Peer 1: 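Supplied in structure tokens, the structure appears directly below.
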There are 2 protein chains.
Amino acid sequence: MKGQPARAISERTIERLSLYRRLLAKLARQQSPHVYSHTLASLAHGTPAQVRRDLMLIGFSGSPARGYNIQDLIDRIDLILDSPDGQRIALVGVGNLGRALLAYIAGQRSKLAIVAAFDRDPAKTGRLINGIPCHSILDMPDFIRSRKITLAVLAVPQDAAQSVVDTLVASGIRAILNFVPVPIRVPRHVHVDDLDMMMSLEKLAYFARQAGNGD
Amino acid sequence: MKGQPARAISERTIERLSLYRRLLAKLARQQSPHVYSHTLASLAHGTPAQVRRDLMLIGFSGSPARGYNIQDLIDRIDLILDSPDGQRIALVGVGNLGRALLAYIAGQRSKLAIVAAFDRDPAKTGRLINGIPCHSILDMPDFIRSRKITLAVLAVPQDAAQSVVDTLVASGIRAILNFVPVPIRVPRHVHVDDLDMMMSLEKLAYFARQAGNGD
DNA sequence: TAGATTGTTAATCGATTAACAATC
DNA sequence: TAGATTGTTAATCGATTAACAATC
């Protein structure tokens, strides 16, 4: 069964759809039930042409007179981005950053939910952290398999990263949000998104300097 | 005075230079003092052609016989990415995420250092958090100006984001690492990098699903 | 020397933007 | 109707990759 047109939507477009949905949710609480491409574009810091093209790619139509129906568009994006029965996330590495991510992600209401955390340190396992059960990393493979967890957030020490990733992949994980500043190797069917804060800071530092050493 | 060739290096290339430097630092502790483009490429998950092109752009040369000298290359990248007298960072928003970022960034040794944190909540100000002084957000403009802080990390609640950004910009901030999931408006000379975790998770969830709903 | 690698230009690829007929 | 907006194709732009002469 092929629910959607199944034609590949690019990574960039998926990112923007996620952003559009968030902006539309705010718009929905306001005046008009419709929005023009130029309005949404300006909220998203994009161009009207890009908004129209993105919506074309997901087969969503508007009207030249009124623009796009906000609620219908939200529903359409939900259909694409959300899995009907939600998707479960495992957090691996319950250090400072891991705990903050736990609180942060739990705070957003979404079809995505962290259902378990794992750590090597026995002092951290066997109890709830931010309402999420924290288990020994030894129990991770069974847990991921039995609970059909497909996503992982990686926040372990650098040295442990690759071996934890290998375990995650062997357990059936399909995508990893990686906070560890080291390139991790995965098979082609597994997706990785690297959020490398030091790299971002170094990049910003460079461009801040370029911006004008004037005064 | 024009220290570097000053020809614009692209954002992507700067990101890779930051990554190369990190990988080279590890290589430097090992066997050979030289590295080939294909070796560095494979560590960085890139292509040899891209590595050579990046190094060409910064005017760094190797030898067909031995490849690139590791220490010389590190020194060259330092010259481009680092400011001789370091660059100071302000953290705004000392919630769960802010405190974790404080610990994380302090942990990396770098020419970049968080020198102050700011929060609206009086319960959090007037004391050290992770060794960093935390001040009232009212003192922020003076502090940023007098200490010549050019970078900011933004981790405040959504509602406060834009007004805090306006204050930062007015105080002379040149670049912002933004963890708040809302598009912020800045003048053209200010650089923003958005690290939007929920967007990344939603993107990964989509591609994890595409990857094969097979079994 | 023969063989591998560098430095650099040209070709390719993908994504964004412009343009404009069709529509309300 | 006149005027603005949509839907979509074509043009543009930027970044990556391929190719290969020069070099060690």
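For clarity, every value in this text was computed on a predicted model and none was experimentally measured. Labels below follow one simple rule: chain letters A, B, ... track the order of the sequence lines, proteins then strands, and each chain is numbered from 1. Keep in mind that the numbers below use all heavy atoms, side chains included, and drop hydrogens, waters and symmetry copies.
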Peer 1: Identify the two heavy atoms, one from B/S18 and one from A/M199, that lie closest to each other, and give their separation to 0.1 Å.
Peer 2: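 Shortest heavy-atom separation between B/S18 and A/M199 comes out as OG-CA, 3.7 Å.
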Peer 1: Distances for protein N/O vs nucleotides 19-22 of chain D N/O pairs under 3.5 angstrom?
Peer 2:
from   : atom 1 : to    : atom 2 : distance (Å)
D/dA19 : N6     : B/R52 : NH2    : 3.3

Peer 1: Can you give me the closest heavy-atom contact between A/P141 and A/S171, atom names plus distance?
Peer 2: CA-OG, 3.4 Å
Peer 1: Compare side-chain N and O positions of B/Y68 against OP1 and OP2 of C/dG7 and report whether any pair is under 4.0 Å apart.
Peer 2: yes
Peer 1: Return the value, rounded to whole Å, for the distance between atom CZ of A/F60 and atom C1' of D/dG7.
Peer 2: 13 Å
Peer 1: Search all heavy atoms of B/P187 against all heavy atoms of B/V169 and return the closest pair with its distance.
Peer 2: CG-CG1, 3.6 Å
Peer 1: Does DNA chain D take part in any stems of at least 3 consecutive Watson-Crick or G-U pairs (both distances under 3.5 Å), and if so, which ones?
Peer 2: C:3-24 with D:3-24
Peer 1: Checking B/H189 now: which residues fulfil ring-ring contact (aromatic ring centres under 6.0 Å, His included) with it, not counting sequence neighbours?
Peer 2: none
Peer 1: Would you kindly give the CG-to-P distance between A/N69 and D/dT5, to the nearest whole Å?
Peer 2: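 Going from CG in A/N69 over to P in D/dT5 covers 18 Å.
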Peer 1: Heavy atoms within less than 4.0 Å of DNA chain D: which residues of residues 22-34 of chain B have one? Give them sorted by number.
Peer 2: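 DNA chain D contact set from residues 22-34 of chain B: none.
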Peer 1: Enumerate the residue pairs fulfilling ring-ring contact (aromatic ring centres under 6.0 Å, His included) with a member in residues 13-59 of chain A, sequence neighbours excluded, ordered by first and then second residue.
Peer 2: A/Y36-A/H38
Peer 1: Given B/L40, which partner from the list B/L24, B/L19, B/D54 fulfils the side-chain contact (heavy atoms from CB on, under 4.5 Å) test?
Peer 2: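 It is B/L24, the one option of B/L24, B/L19, B/D54 that forms the side-chain contact (heavy atoms from CB on, under 4.5 Å) with B/L40.
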Peer 1: To the closest 0.5 Å, what do you measure between CG (B/L55) and CG (B/L17)?
Peer 2: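 Going from CG on B/L55 over to CG on B/L17, the span is 7.5 Å.
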Peer 1: Grab the N/O contacts between the protein and nucleotides 12-16 of chain D below 3.5 Å, and write none if there aren't any.
Peer 2:
from   : atom 1 : to    : atom 2 : distance (Å)
D/dT16 : OP1    : B/R12 : NH1    : 3.4
D/dT16 : OP1    : B/R16 : NH1    : 3.1
D/dT16 : OP2    : B/R16 : NH2    : 3.2
D/dT16 : O5'    : B/Q50 : NE2    : 3.2

Peer 1: Scan the side chains in residues 143-154 of chain A for donor-acceptor partners under 3.5 Å anywhere in the protein, sequence neighbours excluded, and list what turns up.
Peer 2:
from   : atom 1 : to     : atom 2 : distance (Å)
A/R145 : NH1    : A/A170 : O      : 3.2
A/S146 : OG     : A/D142 : O      : 3.1
A/S146 : OG     : A/F143 : O      : 3.3

Peer 1: For the side chain of A/M56, starting at C-beta, report the closest nucleotide among D/dT5, D/dG7, C/dT6.
Peer 2: D/dG7
Peer 1: Under 3.5 Å, which donor-acceptor pairs link side chains of residues 64-71 of chain A to any protein atom two or more places apart or in another chain?
Peer 2:
from  : atom 1 : to    : atom 2 : distance (Å)
A/N69 : OD1    : A/Q71 : N      : 3.1
A/N69 : OD1    : A/D72 : N      : 2.8
A/Q71 : NE2    : A/D75 : OD1    : 3.1

Peer 1: Once you round it to whole Å, what is the distance between P of D/dT5 and CG of A/L55?
Peer 2: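 Answer to the nearest Å: 16 Å.
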Peer 1: Of all the choices, C/dT5, D/dC24, D/dG7, which nucleotide is nearest to the side chain of B/S63 once you look at every atom?
Peer 2: D/dC24
Peer 1: With distance as the sole test, does A/T167 use its side chain to make a donor-acceptor pair with the main-chain N or O of A/S163 at under 3.5 Å?
Peer 2: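 Such a contact is found between A/T167 side chain and A/S163 backbone.
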Peer 1: Minimum heavy-atom separation for B/A103 and A/N96, please, with both atom names.
Peer 2: CB-ND2, 3.6 Å
Peer 1: Listed by chain and number, what are the side chain to side chain contact (heavy atoms under 4.5 Å, CB included) partners of B/D166, not counting sequence neighbours?
Peer 2: B/Q162
Peer 1: Rounding to a whole Å, what distance do you find between A/I58:CD1 and D/dG7:P?
Peer 2: 11 Å
Peer 1: Is the number of heavy atoms from other residues, nucleotides or ligands under 6.0 Å of A/R120 CZ greater than 12?
Peer 2: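 No - once you tally the heavy atoms of other residues, nucleotides and ligands closer than 6.0 Å, there are 12 at most.
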Peer 1: Looking only at heavy atoms, which two atoms of A/R76 and A/G59 are closest? And how far apart?
Peer 2: NE-O, 4.4 Å
Peer 1: Heavy atoms within less than 4.0 Å of DNA chain D: which residues of residues 189-199 of chain B have one? Give them sorted by number.
Peer 2: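 Heavy-atom cutoff 4.0 Å gives no residues at all.
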Peer 1: CZ of A/R66 versus P of C/dT23: gap in Å, rounded?
Peer 2: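 Those two atoms, CZ and P, are 16 Å apart.
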Peer 1: Quick one: B/L40 CG to C/dT6 C1', roughly how many Å, whole number?
Peer 2: 14 Å
Peer 1: Among pairs that include at least one residue of residues 77-86 of chain A, which meet salt bridge (Lys or Arg N to Asp or Glu O under 4.0 Å), considering only residues two or more places apart or in two chains?
Peer 2: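 Output for this query lists A/R21-A/D78, A/R21-A/D82.
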Peer 1: If you look only at pairs with a residue in residues 175-201 of chain B, which of them pass as a salt bridge (Lys or Arg N to Asp or Glu O under 4.0 Å), with sequence neighbours excluded?
Peer 2: A/R22-B/D196, A/K203-B/D193
Peer 1: Could you state the CG-C1' distance from B/L57 to C/dT9, rounded to the nearest angstrom?
Peer 2: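 My rounded result for the distance is 13 Å.
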